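The structure appears below as C-alpha cells.
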Amino acid sequence: MGAPEQQVQAAARAPLVALLGNPNCGKTALFNRLTGARQKVANYAGVTIERKEGRFVAPSGRPIRVLDLPGAYSLSAHTPDEAITRDVVAGIRAGEQAPDAVVCVVNATNLQLNLRLVLEIKRLGLPMVLALNMVDVAHKRGIVIDSARLSEELGMPVVETVAIHAGGEAALLDALDALPFDVPVKPNSLSAIDAVPVEETQREVRRILDATTSFANDRGNLSEQIDQVVLHPMVGPVILAALMFLVFQAVFSWAEAPMDLIKGGVDALGQWVGSGLAEGPLRSLIVEGIFGGVGSVLVFLPQILILFFFILILEDCGYLPRAAFLLDRLMGSVGLSGRAFIPLLSSFACAIPGVMAARTIQNPRDRLVTIMIAPLMTCSARLPVYALIIAAFIPQRQVAGLVNLQGLVLFVLYMAGIVSAMAVAWVFKRSWGARGQHPLMLELPAYHWPNLNNLALGLWERARIFLTRVGTLILTLMVLIWFLSSFPGAPQGATEPPIYYSIAGMIGRALAVIFEPIGFGWQICIALVPGMAAREVAVGALGTVYALSGSGDDVARSLAPVIAHSWSMATALSLLAWYVFAPQCLSTLSVVRRETGSTRYPLLMAGYMFALAYTASFITYHVARYALG
Ligand SMILES: Nc1nc2c(ncn2[C@@H]2O[C@H](COP(=O)(O)OP(=O)(O)OP(=O)(O)O)[C@@H](O)[C@H]2O)c(=O)[nH]1
Ligand SMILES: [Mg+2]
C-alpha cells in the first residue's frame with residue numbers, strides 16, 4: 001500500500017470529536033487553534049451556523065477529526081442552527097456518523113448558564129471532556145473554579161483553555177489523547193435528555209456551582225458599567241447613530257489616498273503594456289477591456305476594506321448584540337424581531353451570509369421576512385457603483401464645516417436601503433398575518449478589546465474574496481463584454497462609434513426601450529445585464545463601454561469625469577435608486593431558494609425588488625428632471 005493510501009485509511013479511522021457549547025463560548029476560536037483553520041470568530045451569539053470539519057494530530061501522533069458546530073443553549077433545538085447541532089451529536093443527521101467523543105466548551109465566566117447544556121449532553125452517554133474556556137477572563141474577574149472538584153462532580157476530565165492564546169489548547173490536547181477511543185460507544189437517543197425535568201437540571205447546576213466556584217474579589221463587572229451608557233434609552237441610540245455616521249465619513253475621507261495610488265498604478269501599467277502593443281484588437285482587449293474594465297473595479301478595494309475595518313471591530317468588541325437590543329423596539333414596530341439585526345447586518349457584506357444567518361431566528365415567519373428583506377441591505381458589491389456615481393456627480397466638499405458631502409450621500413443611500421427594508425417587512429408581516437411579538441432573548445457578551453490578529457485575518461479574508469472575484473468572475477465577464485462590444489465592427493459610413501453597432505450595442509438599444517422612461521440610455525443598459533452576475537461588473541462594463549465609445553485613449557483613464565460629462569444628474573440619481581432596490585444578483589436568489597426550500601420565495605423576491613426599483617427610479621428621474629430644470 002502506498003503512503004497516501006495509508007494516510008487516507010488512517011484518516012477514515014481517525015476518531016471524530018465534536019465541539020459543543022453555548023453560543024459565543026469560544027468553540028470556533030478553539031477549533032481554529034486545534035486545526036489551524038480560519039473560521040470566523042466574533043463576539044456575539046450565532047456566528048457559526050453550519051458544521052465545519054477539520055483535523056489535527058494529537059501529541060501521541062494520533063490523527064483526530066474535529067467538528068465545529070453552531071452554539072446551542074440546549075439540545076431541545078429552538079432554531080434551525082441549533083437543530084443542526086442536535087442532529088449531528090445524536091448521529092441522526094443524514095450521511096453523518098455520531099461523534100466518538102464530545103468536547104463541551106464552556107465560558108468559565110458564565111458557568112451558571114453553560115452547565116445546563118453540559119448536563120444534557122452527558123445523558124447522551126458519549127465520552128466527554130469539559131473545556132473551561134476563557135479562564136483568562138475568569139481569573140481577571142476574580143472567579144475561582146476548583147476544576148478538580150468540578151471534574152469529580154461531572155464525572156469527566158476538566159481542562160482549562162484560553163482559545164485566543166497560542167498554546168492555550170495544550171491541556172485539551174492531552175485530555176483528548178487520554179480518551180478511550182478504541183471502545184466503541186453508541187449514543188443514547190435524544191429522549192434520554194428530556195427524561196429529566198428542566199427544574200431538576202437547574203437545581204443540579206446550582207449545587208455544582210456552589211461546590212466548585214467562588215468569587216475571590218469581584219471587582220464589579222466593567223461591561224455592566226459600560227452598558228449603563230451604551231444601552232441608555234436616550235444616549236444609546238445617539239451613540240449608535242454617531243458610530244454609523246462616522247463609518248461612512250471614513251469610507252470616503254480615508255480612502256482617497258490609497259485609491260489614487262491604485263488608480264495611478266493600474267493606469268501606469270496599462271499605458272506601459274499598451275505602448276508595447278501594436279494598434280489592433282489585442283491592444284484594445286488589454287487596454288480597454290482589461291485595464292479599463294477590471295481596473296475601474298479594483299480601485300474600490302480601499303473603500304471596502306475601510307467599511308469592513310469598522311464592521312469587524314464592532315463585531316469583535318461585543319457591540320453588535322447591544323445594537324440589536326437598541327433597535328429591537330424600532331424593528332418590533334414593523335413586526336421584525338431584534339434577532340433579525342445580525343442577519344441584516346451581515347447582509348452589508350453580502351446578502352448570502354445574511355440570508356443564511358437567518359437560521360438563528362426561531363419563528364419561521366420572522367425568519368422568512370428577514371430573508372426576504374436581506375438583499376435590500378447595501379451589500380459591498382454595490383459600494384463601487386455608488387462610489388463611482390457619487391464621485392462623478394457629488395462635489396467633494398464639506399457641509400457645515402465638518403461633514404463630507406460625498407460621505408453624507410453614501411449614508412443616505414444606505415439609509416434608503418434600511419428604511420425600505422423596514423417598510424417591506426411591515427407589508428410582508430401584514431399580508432402573511434401578523435402575530436404577537438416575541439420577546440428578544442439575546443445574550444450580551446462581555447466587551448473586550450478587538451483582537452488584532454482577528455482583525456488582520458478578517459481584512460485579509462475580505463481582500464482575498466474581493467481580489468478573487470475581480471480576478472475570476474469579473475475578469476471573465478469583462479473579456480466577454482469587450483468581445484460583445486467590439487464585434488461586429490462599424491458598417492461603412494457609420495456615424496456612431498463602433499460599439500453602437502456591436503452585439504452588446506444591439507442588446508443595449510433593445511433594452512433601452514424599457515429603460516428609457518427611467519433615464520437609462522443604451523450604454524447603461526449594456527452594463528446592467530452583466531451586473532446580474534456581479535453588481536460591481538456594471539462599473540467595469542461602463543469603463544469598457546465608454547472607453548470603446550470615446551475617440552481617444554484619454555477616456556479609458558478615468559471613468560468618473562466621462563460619466564459626469566455624458567449623463568444628466570437625473571440619470572445618475574435614477575441609477576442610484578435602481579441599485580438600491582434592483583435584485584441584481586443571481587446567487588442571492590439561488591441561496592434563498594436553498595434556504596427556504598421553495599422557488600416561490602426567490603421569485604417573489606425578484607418580483608417585488610424589480611417593481612420597487614423601477615418605480616423608485618421612475619419617480620427619482622422625473623422629480624429630478626423637474627426640480628433641476
Ligand atoms: N479572552 C478570551 N476570549 C476568547 C477566548 N475564546 C474565545 N474568545 C473570544 O470570544 C468570542 C467568541 O468566540 P467564538 O469562537 O466565535 O465563539 P463560538 O463559541 O464559536 O460562537 P458561536 O459560533 O456564535 O456559537 C470571540 O470574540 C473570541 O475572540 C478565550 O479563551 N479568552
Ligand atoms: Mg463559532
Side-chain angles (χ1 to χ4, degrees), residues 18-35 37-54 66-74 77-86 88-89 103-110 113-114 117-118 130-141 143 145 159-172 222-223 311-322 324 339 342-343 345-346 353 356-357 359-361 442-458:
L19 295 177
L20 268 180
N22 283 183
N24 208 39
C25 64
K27 298 175 295 300
T28 305
L30 209 51
F31 176 84
N32 289 348
R33 181 86 32 234
L34 289 169
T35 62
R38 288 178 179 180
Q39 294 298 325
K40 184 175 166 127
V41 167
N43 194 12
Y44 59 87
V47 179
T48 308
I49 45 174
E50 275 190 304
R51 82 184 266 294
K52 279 274 146 49
E53 189 174 330
V66 55
L67 276 184
D68 183 24
L69 292 167
Y73 290 105
S74 131
H78 294 298
T79 57
D81 62 326
E82 283 185 335
I84 294 175
T85 301
R86 177 198 61 199
V88 169
V89 223
V103 173
C104 246
V105 186
V106 295
N107 174 348
T109 65
N110 196 356
L113 183 68
N114 286 222
L117 182 71
V118 178
L130 187 83
L132 266 181
N133 194 36
M134 305 195 179
V135 282
D136 54 332
V137 189
H139 288 162
K140 260 192 227 139
R141 288 226 216 125
I143 302 172
I145 302 170
V159 293
E160 299 193 343
T161 58
V162 183
I164 53 162
H165 290 167
E169 79 288 12
L172 177 61
L222 184 63
S223 288
I311 292 186
L312 288 168
I313 287 185
L314 292 179
E315 275 184 357
D316 208 24
C317 71
Y319 183 71
L320 287 197
R322 270 84 184 181
R339 282 242 165 229
I342 285 172
L345 193 102
S346 313
M356 289 174 60
R359 288 182 189 175
T360 56
I361 299 174
L442 204 62
E443 208 184 332
L444 297 181
Y447 289 103
H448 59 66
W449 288 109
N451 182 317
L452 289 184
N453 232 342
N454 250 353
L455 181 64
L457 272 181

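Here the structure is a predicted model, which is why all the values come from computation and not from measurement. Throughout, residue positions are numbered sequentially from 1 according to the sequence presented. Order of listing sets the numbers, starting from 1, for every ligand and every atom in it. As a basis for the values below, the full set of heavy atoms in this structure was taken, side chains included, without hydrogen atoms, waters or symmetry mates.
- Put simply, the side chain of Pro70 does not reach to within 4.5 Å of the side chain of Arg86, judged on heavy atoms.
- Contacts of Val137 classified as side-chain contact (heavy atoms from CB on, under 4.5 Å), with partners at least two apart in sequence or in another chain: Thr109, Met134, Arg141.
- Here the side chain of Asn133 pairs a donor or acceptor atom with the backbone of Ala163 at under 3.5 angstrom.
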Give the table of side-chain donor-acceptor pairs shorter than 3.5 Å for residues 20-32, with sequence neighbours excluded, one pair per line with atom names and distance.
from, atom 1, to, atom 2, distance (Å)
Asn22, OD1, Asn114, ND2, 3.1
Asn22, ND2, Ala72, O, 2.9
Asn24, OD1, Tyr44, N, 3.2
Asn24, ND2, Asn43, OD1, 3.0
Lys27, NZ, Asn22, O, 2.7
Thr28, OG1, Thr48, OG1, 2.8
Thr28, OG1, Asp68, OD2, 2.7
Asn32, OD1, Gln39, N, 3.0
Asn32, ND2, Gln39, O, 2.8

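- No donor-acceptor pair under 3.5 Å is formed between the side chain of Glu315 and the backbone N or O of Leu320.
- Arg359 places a side-chain heavy atom less than 4.5 Å from the side chain of Ile84.
- Below the 2.8 Å limit, the Mg ion (ligand 2) has as protein N, O or S neighbours Thr28 OG1, Thr48 OG1.
- Across all their heavy atoms, Thr79 and Thr360 have their closest contact at CG2-O, 3.4 Å.
- With rounding to the nearest 0.5 angstrom, the OG1 atom of Thr161 is 9.0 Å from the CG atom of Asp136.
- Protein residues with any heavy atom under 4.0 Å from ligand 1: Pro23, Asn24, Cys25, Gly26, Lys27, Thr28, Ala29, Val41, Ala42, Asn43, Tyr44, Ala45, Gly46, Val47, Thr48, Gly71, Asn133, Met134, Asp136, Val137, Val162, Ala163, Ile164, Asp316, His448.
- Proximity of a side-chain donor or acceptor of Arg322 to a complementary backbone N or O of Pro445 within less than 3.5 Å is detected.
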